[in-house]
Each structure stands twice: as structure tokens, then as C-alpha cells.
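Encoded as C-alpha cells, the structure appears first; notes follow it.
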Amino acid sequence: MSTPTKTFMQHLFQQRHAGLIERDLTTLLHSVATACKAIANHLKNGDLGDAMGALESENVQGETQKKLDVIANDIFLERCQYSGVLAGMVSEEMEDIHQIPKNLPKGRYVILFDPLDGSSNIDVDVSVGSIFSIFELPEVPEKLTIEDVLRKGVEQVAAGYAIYGPSTMLVLSTGHGVNAFTFDGSIGEFRQTHEDLKIPADTSEIAINASRRRHWDESLRNYVDDSFAGEAGTRGRDFNMRWIASMVAEVHRIMMRGGIFIYPVDDKNRAEGGKLRLLYEASPMGFLVEQAGGAASTGTERILEVDPTGLHQRVGVVLGSANEVACALKVS
Ligand code: P6P
């Protein structure tokens with residue numbers, strides 16, 4: 001009989017036994033995996049279930065909430081706050097820090113998450129995902145404060161995402177490389193399918209919303225125009241473009257085969273600081289990309305070195321294949 005692939009939990013147990021991660025982080029990541037399974041279960045029924053469509057409400061970002069945005073957020077809260085290892089939680093869908101209910105034990109970890117990224121794609125059955133970032137505090141706080149959670153990305157102890165696509169996958173780094181797991185419905189567990197993912201340093205695949213070209217800074221326009229000029233242009237080779245409007249799907253493609261993803265600060269979003277959120281989108285994705293040998297910049301600085309100023313702060317994002325990110329920034 002061939003050796004069965006490790007489950008997600010067996011992978012975590014191995015890292016714990018090797019002294020790479022703490023027991024409580026294993027507990028938290030188990031809760032996260034359970035939340036992702038539950039969200040995947042809601043998504044797979046599509047319009048056959050009762051979770052599709054939009055609500056009247058808007059989230060803290062001023063975006064129309066999908067029913068599944070709220071359902072996914074509630075699942076993350078429910079599954080993770082009982083873990084007994086959290087000091088509190090931060091979500092794209094909630095304005096303020098979610099304090100752990102007084103009747104539940106607390107711990108030294110903080111999780112910041114986007115429960116359902118790319119949810120505008122749900123109604124058209126395009127891949128969406130959940131993104132999470134985890135920090136460890138020096139001690140269990142009486143009450144989790146903003147100062148506790150405004151931490152640089154370099155301080156993350158773990159980050160990952162689930163992608164709900166043709167298969168449901170969980171991609172995780174605890175600071176020791178990046179590993180990927182595919183959900184196996186026959187046992188109800190994620191099983192390891194990719195070990196120590198590495199992003200190729202070069203690519204010819206650019207993910208950018210080209211409809212915003214008129215808002216870009218000149219240097220970015222020059223980089224994209226040079227690249228799209230193809231073999232006859234200064235780059236001397238043809239490039240391809242992708243845009244799924246789901247960051248998790250773009251980053252997953254880059255994790256699997258390389259590429260560059262760009263959502264820059266531009267004239268239209270400059271007042272907000274950009275489009276993508278630092279703490280629960282850019283920072284965890286930047287951590288994963290760097291752990292896989294890629295690069296992750298705001299366009300002006302390393303994402304993981306940004307000193308956060310707010311829970312829902314936005315930044316520019318240029319991440320992926322290291323040599324291509326350098327090329328895009330050099331032109332900048
Ligand atoms: P646009 C989804 O709403 C998201 O936050 C990212 O997942 C995605 O990359 C981006 O916004 C898409 O933005 O402006 O193309 O709709």
C-alpha cells in the first residue's frame with residue numbers, strides 16, 4: 001500500500017514535534033481548517049442553497065455584503081473563538097476587534113482574516129477564498145487593544161488562505177516554507193498535495209485590472225505597456241494577462257506557476273491608500289509569497305515592513321515572481 005499523504009493535522013503535528021510551532025498554534029490552525037471546510041460546504045451548493053445573493057447591509061469597507069460574507073465571518077468567529085488560544089480576532093467584515101466572550105478561555109494568539117475574499121465572484125461561480133494572518137502576543141491581555149494588533153507583517157507566526165475552486169485547498173506557512181493541502185471529501189480532511197512550494201523567479205504572466213490604466217502612475221503604465229508590447233518591445237518576449245478579481249485565486253496561480261499580481265495605488269484610490277487591505281490581505285499574502293521565494297511590495301516598500309496605522313488600512317500591492325517584481329518596481 002502506498003504511503004498515504006499526510007493530513008493537515010499530521011503536518012502540524014510533525015512541525016510541533018520538530019519544535020517548529022507551539023501546541024496552541026496547532027489548535028488554532030485546526031480551528032481555521034474547520035472553518036474553511038464549513039465555508040466550502042456552504043459554497044458548494046450555490047443557488048441550490050439559501051446562502052446566495054446580497055444583503056441590504058454594507059460592511060465597514062462600504063461594500064455591499066453578500067449573505068455568504070456574513071455567514072463566512074460568523075463561521076470563523078464560531079470555530080475559532082472556542083479554540084481557547086485566542087486573545088481576540090480582527091475581520092474585514094467587522095469595524096472593531098472581536099473580543100473573546102468572557103465565558104471562554106483566552107490565549108496569546110491573534111487572528112486577522114478576510115472570511116470571504118472576492119465575494120463579488122460568488123454569484124457567477126468563480127473561485128473565492130478566505131485569507132488569515134496570525135500573530136503571537138507576549139502574554140494574554142485583559143482586553144485586546146488596537147496597539148496589540150497593529151503589527152508589522154514580519155512578526156506573523158503563520159499565514160494562509162483557503163481557495164474554494166474546482167477543489168478546495170488550504171495553503172499555509174508557519175514560517176518554514178509553504179505547503180498546500182487539498183480537501184479529501186472521503187475522509188473530511190485536507191491532505192498534503194504540495195510540499196515546500198517555490199515561486200519561479202521569472203514569469204510572463206501579469207495579473208492587473210487593465211481597465212484602470214488611465215489612473216496608474218506613469219512608471220506603472222510604462223512597465224505594463226513595455227510588457228504588453230511583447231517580443232517586438234523592450235522586454236523582447238510576449239506576456240500574458242490574467243484578471244480574476246479574486247486576490248486568492250490570483251495568488252494561488254502565482255504560488256502554483258509564478259506570475260506577478262499588481263493592484264497599485266492609483267489616482268482613483270490614492271485617497272484611501274489603495275484598494276487591498278494590509279492586515280488581512282496584503283500582509284498574509286506577502287508572508288506566503290516571500291516564504292515561497294517571491295517578493296511582495298506596496299510599490300514603494302516591502303509589505304512586511306509596513307508599520308500599520310489602522311485595522312482596515314489599505315496599501316498598494318505588487319507581488320509574485322521576484323525578478324518580475326524587481327522589474328516592475330525598477331521601472332517605477
Ligand atoms: P477590482 C476582491 O473584491 C478584491 O478585494 C480582491 O480579491 C481582488 O483582487 C480585487 O478586489 C478586485 O478588484 O477593482 O478588479 O474589482
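First listed ligand is number 1; within each ligand, the first listed atom is number 1.
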ask   = Ring centres of Tyr280 and Phe113 under 6.0 Å apart?
value = no
ask   = Do Asp184 and Ser186 have side-chain atoms, one donor and one acceptor, less than 3.5 Å apart?
value = yes
message = Counting only heavy atoms closer than 4.0 Å, does ligand 1 sit against the backbone of Lys268, its side chain, both, or neither?
response = neither
request  = For Ala245, counting its heavy atoms only, list the atoms of ligand 1 lying under 4.0 Å from any of them.
outcome  = 2 (C), 8 (C), 12 (C)
request  = Examine the proximity of ligand 1 to Leu276 and report which part, side chain or backbone, both or neither, has a heavy atom under 4.0 Å away.
outcome  = side chain
Donor on one side chain, acceptor on other, Tyr161 and Glu281, under 3.5 Å = no
request  = Could you list which atoms of ligand 1 come closer than 4.0 Å to a heavy atom of Arg277?
outcome  = 5 (O)
request  = Before signing off on this row, confirm whether Ser120 and ligand 1 have an N or O atom pair separated by under 3.5 Å.
outcome  = no
key: Interfacing atoms of ligand 1 (cut-off 4.0 Å, heavy-atom, Gly118)   = 2 (C)
remark   = min-distance protein heavy atom vs atom 14 (O) of ligand 1 -> Tyr263 OH, 2.6 Å
ask   = For ligand 1, which atoms sit closer than 4.0 Å to a heavy atom of Asp117?
value = 5 (O), 6 (C), 7 (O)
ask   = Quick one: are His98 and Leu144 in side-chain contact, heavy atoms under 4.5 Å?
value = no
inquiry  = Give me the atom names and distance for the closest heavy-atom approach of Ser173 to Val178.
reply    = CB-CG2, 4.1 Å
query = Which atoms from ligand 1 have a heavy atom of Phe261 less than 4.0 Å away?
reply = 9 (O)
task = For Gln156 and Ser283, test the side chains for any donor-to-acceptor distance below 3.5 angstrom and give the result as yes or no.
result = yes
message = Looking at ligand 1, would Glu250 count as a contact under a 4.0 Å heavy-atom criterion?
response = no
request  = Output yes when the distance from some N or O of ligand 1 to some N or O of Asn209 is under 3.5 Å, and no in every other case.
outcome  = yes
key: Any side-chain donor near an acceptor of the partner, Tyr164 and Ser130, under 3.5 Å   = yes
message = Closer than 4.0 angstrom, basic N to acidic O: yes or no for Arg237 and Glu324?
response = yes
From the candidates Glu92, Glu281, Lys275, Met247, the one that places a heavy atom nearest atom 10 (C) of ligand 1 = Lys275
